[in-house]
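First the proteins, then the strands, lettered A, B, ... as listed; each starts at 1. It should be emphasised that the depicted structure is a prediction, and the values quoted were computed from it without experimental measurement.
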There are 2 protein chains.
Amino acid sequence: MPIDERLLDVAIEQFGRQGLEGASTRVIAAAARTAMSSITYHYGGKEGLYLAAARRISELITARMGARLAQAAEPDALSPQQAVAQVTAFADGFLAMMLDPESAPWARFIVREQMEPTPAFEVLWGQFMQAVSDYLVKLVLRAGDGRWKLAEARVRAVALIGQVLVFRVSRATALRVNGWEAIGAPEAAEIRRVLHAHIRAILTAS
Amino acid sequence: MPIDERLLDVAIEQFGRQGLEGASTRVIAAAARTAMSSITYHYGGKEGLYLAAARRISELITARMGARLAQAAEPDALSPQQAVAQVTAFADGFLAMMLDPESAPWARFIVREQMEPTPAFEVLWGQFMQAVSDYLVKLVLRAGDGRWKLAEARVRAVALIGQVLVFRVSRATALRVNGWEAIGAPEAAEIRRVLHAHIRAILTAS
DNA sequence: GTCTATACTACGATAGAC
DNA sequence: GTCTATCGTAGTATAGAC
């Protein structure tokens, strides 16, 4: 693995944990087994490395979600029941990503950007968030079969996302509340059961 | 306002934004208009100040949520319909806190602790999170009227929380998705409408 | 109690050897 | 391209004046 890729991997980990200011280029360079000045050479400096990390995260997430978005039928062509099924499938895929240990560094990076946006947020939004949210809002609109205006469907989509996100973002609390040591296969199955029930209830209620 | 309280206020703000390592005692002391060594004197050092900030946040949140938890009837004595109403009232109170600009620093601090727990997480959990989650799980159990086991009610409670939390933790995305500039009164009303509908659908679905 | 002064460590950037 | 060496700045902690 070339130096610039090693640097990106370490950067996502370190920036995710410590933030742009908190992370140290010394530590990043050492963990990538190279000299500090490699960061200047490849990315122009600390900020350049930070933006490159945001682009790399977008690539990794697009690689995971892209297949689903590409193969998905146009939401407008679906029946409401099919749209509910698609939302459920989306939630399963999103949950799997949120529970995958490898998503932890990305999640830390992204949550930081949510609460304290920097120019890197524009990268994340433009590279994958906008497409994902457009897709989900369309599905919700279709599942509602005309019951909801666009504005309401958007809020509903955000709330739906929240139900999945909480198991990554509030992981420590989720573990305590449930008395779990970790989220393994049985716990993930329990979460999926609940999310399926919630999605069906929310999207099919009169 | 005495120096130690000024230090705590600034510390919550700074630690929330930059984390334990990222925040600087120089900046904190300067913003509190005192000398760096006051931190050592009052709190023993940076880490002591960090733990004190966690205790202060717990106090502030308890002051806001405590009234509701204290005046709330024992969940076991409620009818399922009353339990649904209580969950809705809880969600409204929690959402108001999440939308209140003054919650932003606390939220940043707490989210950091969720994703990268330090000993301060024990403080937050013990001081208010445990009581709040116990209360909510009991309400959900009661609303389910025997349909759900304890384990399922816990997962449902976490998912419910997620629907509210997302508007604080993923604020930047929520604004983009909805095309909002900020979350003012009309936007908050729209969110409440959706959350009420979701809670009713989730807790009363067969 | 609160301050100033200072010791010591770590930071990011960069010049220059190879 | 990748390294070492170094500069100037900023970090925490602490000693000691008042």
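Without hydrogens or angle criteria, A:R108 side chain to A:G16 main chain gives no donor-acceptor distance under 3.5 Å.
Dashed line: the shortest gap from a side-chain N or O of A:T25 to OP1 or OP2 of C:dA13 is not under 4.0 Å. The side chain of B:T40 places no N or O atom within less than 4.0 Å of a non-bridging phosphate oxygen (OP1 or OP2) of D:dT12. The side chain of B:R26 places no N or O atom within less than 4.0 Å of a non-bridging phosphate oxygen (OP1 or OP2) of D:dA10.
Between A:R55 and A:E59 there is no salt bridge, since no side-chain nitrogen of the basic residue lies less than 4.0 Å from a carboxylate oxygen of the acidic one.
Per the geometry, CG belonging to A:D4 stands 13 Å off P belonging to D:dC3, to the nearest Å. To the nearest angstrom, C1' of C:dC11 lies 15 Å from CG of A:L49. Between B:Y41 atom OH and C:dG1 atom C1' there is a gap of 5 Å when expressed in whole angstrom units. What separates OH of B:Y43 from C1' of C:dT2 is a distance of 14 Å, to the nearest Å. To the nearest angstrom, P of C:dT2 lies 17 Å from CD1 of B:I28. The separation between A:M36 atom CE and C:dA10 atom C1' is 10 Å, rounded to whole Å. Taking atom CD of A:E21 as the reference point, atom C1' of D:dT9 lies 14 Å away to the nearest angstrom. For the pair B:Q14 CD and D:dT12 P, the computed distance is 11 Å after rounding to whole Å.
The 5' end of DNA chain C is approached more closely, in terms of each residue's nearest nucleotide, by A:V27 than by the other of A:V27 and A:G44. In this structure, A:L20 and B:S37 both approach DNA chain C, and ranking their closest nucleotides by distance from the 5' end singles out B:S37.
At a threshold of 4.0 angstrom between heavy atoms, the contacts of B:I39 with the nucleic acid are absent. At the heavy-atom level, A:A23 lies under 4.0 Å from the strands shown only through sugar-phosphate atoms.
The side chain of A:I3 lies closest to D:dC3 when the candidates are C:dC3, D:dT12, D:dC3. Which of C:dG12, C:dT4, D:dG1 sits closest to the side chain of A:H42 comes down to D:dG1. The nucleotide whose nearest atom lies closest to any side-chain atom of A:K46 is, among C:dC3, C:dG12, D:dC3, C:dG12.
Inspection of the A:Y135 and A:Q130 side chains reveals no N or O donor paired with an N or O acceptor under 3.5 Å. A:T173 and B:Q114 are linked by a side-chain donor-acceptor pair at a separation below 3.5 angstrom, with hydrogens and angles left out of the test.
Within 6.0 Å of the CD atom in A:E21, the count of heavy atoms belonging to other residues, nucleotides or ligands does not exceed 12.
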